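So the structure is just underneath, and the comments pick up after that.
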Amino acid sequence: MKAFIKKLTASVLITAITAAMTGNVYAAEPEAKAYVQVAGNNCVVEYELHFTEIDGEKYVVINLDDLIPNNVNISGNKSKEKRSIFSTLEDKRKLYSDTVNLTNGDYSSPTLNCSPDTGFIVRSYNAFFEKDVKVRMHMYSGTALQWIPSITVNLRFSAFLTEPNIIIQGEPASEISKCRMEILKEGTTLDSPFSYTLYEY
């Protein structure tokens, strides 16, 4: 009888352990991501934004065609040659650097003259562990003579990580002549004060 109870107990334990291990294996499987095409980029949707990955770097793709009201005519300069997103940071044009203190509220850069070929890059080297910076980009169309509705992007910085870079697409992209960047207190976890540099590329 004792031998039977030992065998029964061992069998129950083995079944329980096997079930627990099987459950963990299934739970660890990643979910399949759904991809959408945005201005020729294969993107995944996160936080209502479109993200793509190129050579291990994460980019948020902003299609300005979706932001311009239908009644505004944009005649994009299609002859403008785009620079490669694969160029090094040294090849990108520095627009502005500043030190930010969000203690008393949101920060805004001055209005800057710009003409990005592909998009914008923000860099900050003040975070060792992962910290977030909530950025709102404002872009002005020289053809439409108006500010394009702004885009809010969460940037994440650490000693080993900066993501995402910002790619702008669509016909209005070639007509951007001014930009301004806000850094929002709400959603930013990087401790103030911190420094940043804004590039166009």
Side-chain angles (χ1 to χ4, degrees), residues 38-39 41 43-44 46-64 67 82-142 147-170 172-201:
V38 179
N41 297 280
C43 298
V44 65
E46 297 175 13
Y47 317 109
E48 299 181 4
L49 292 170
H50 297 96
F51 293 90
T52 191
E53 193 169 301
I54 301 169
D55 279 0
E57 284 200 56
K58 194 172 182 181
Y59 295 80
V60 61
V61 179
I62 299 170
N63 187 3
L64 299 184
L67 301 175
K82 284 184 170 289
R83 275 180 280 180
S84 170
I85 59 175
F86 301 108
S87 57
T88 64
L89 196 60
E90 289 75 25
D91 297 329
K92 296 162 178 56
R93 190 168 81 88
K94 177 180 170 182
L95 288 175
Y96 190 69
S97 284
D98 203 356
T99 299
V100 177
N101 191 337
L102 300 177
T103 306
N104 296 320
D106 298 343
Y107 160 91
S108 179
S109 76
T111 298
L112 307 166
N113 292 325
C114 66
S115 61
D117 294 322
T118 304
F120 298 96
I121 289 180
V122 182
R123 289 289 183 263
S124 179
Y125 300 100
N126 293 101
F128 185 79
F129 297 107
E130 284 189 15
K131 297 288 184 177
D132 293 334
V133 176
K134 188 74 82 174
V135 168
R136 184 175 291 151
M137 289 299 300
H138 302 271
M139 292 167 276
Y140 184 82
S141 167
W147 288 92
I148 295 168
S150 60
I151 291 291
T152 303
V153 179
N154 190 64
L155 303 179
R156 181 160 289 162
F157 298 103
S158 77
F160 310 102
L161 171 77
T162 301
E163 66 175 25
N165 299 314
I166 301 167
I167 298 175
I168 55 172
Q169 298 283 346
S174 63
E175 303 297 327
I176 301 301
S177 60
K178 296 178 185 176
C179 60
R180 183 170 58 86
M181 189 177 81
E182 283 185 275
I183 298 178
L184 309 181
K185 181 177 181 177
E186 185 175 343
T188 295
T189 60
L190 184 56
D191 296 331
S192 289
F194 62 88
S195 299
Y196 78 90
T197 304
L198 175 66
Y199 299 86
E200 67 178 6
Y201 69 113

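Keep in mind it's a predicted model, so treat the numbers as computed, not measured.
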message: Just checking Tyr196 against Tyr107, ring centres under 6.0 Å apart?
response: yes
Can you tell me how far apart [atom1] ([X]) and [atom2] ([Y]) are? Round to the nearest 0.5 Å.
X	Y	atom1	atom2	value
Leu49	Ile62	CG	CD1	7.0 Å
Phe129	Leu190	CZ	CG	13.5 Å
Glu130	Phe160	CD	CZ	10.5 Å
Thr189	Leu102	OG1	CG	10.5 Å
Tyr140	Cys179	OH	SG	13.5 Å
Arg136	Ile183	CZ	CD1	12.0 Å

query: Do Lys185 side-chain atoms and Thr103 backbone N/O form a donor-acceptor pair below 3.5 Å?
result: yes
field: Donor-acceptor pair, side chain of Thr188 and main chain of Lys134, under 3.5 angstrom
entry: yes
Between [X] and [Y], is any pair of side-chain heavy atoms under 4.5 Å apart?
X	Y	result
Tyr59	Glu57	yes
Met137	Val153	no
Asn165	Tyr199	no
Asn113	Lys178	yes
Val100	Val133	no
Val38	Gln169	no

Nearest non-hydrogen partners of [X] and [Y], listed with the distance:
X	Y	result
Cys114	Arg93	CA-NH2, 3.9 Å
Thr197	Ser97	OG1-OG, 2.9 Å
Tyr201	Ile166	OH-O, 3.3 Å

- prompt: Among all residues two or more places apart in sequence or in another chain, which pass the side-chain hydrogen bond (donor to acceptor under 3.5 Å, both in side chains) test with Asn126?
  reply: Ser124
query: Who are the side-chain hydrogen bond (donor to acceptor under 3.5 Å, both in side chains) partners of Ser192, not counting sequence neighbours?
result: none
task: Using a cut-off of 6.0 Å, state whether more than 12 heavy atoms not belonging to Asn101 lie near its atom CG.
output: yes
task: Kindly determine whether Ile176 and Leu64 satisfy side-chain contact (heavy atoms from CB on, under 4.5 Å), including the steps that lead there.
output: CA-CA 10 Å; Ile176 301 301; Leu64 299 184; 4.0 Å; yes
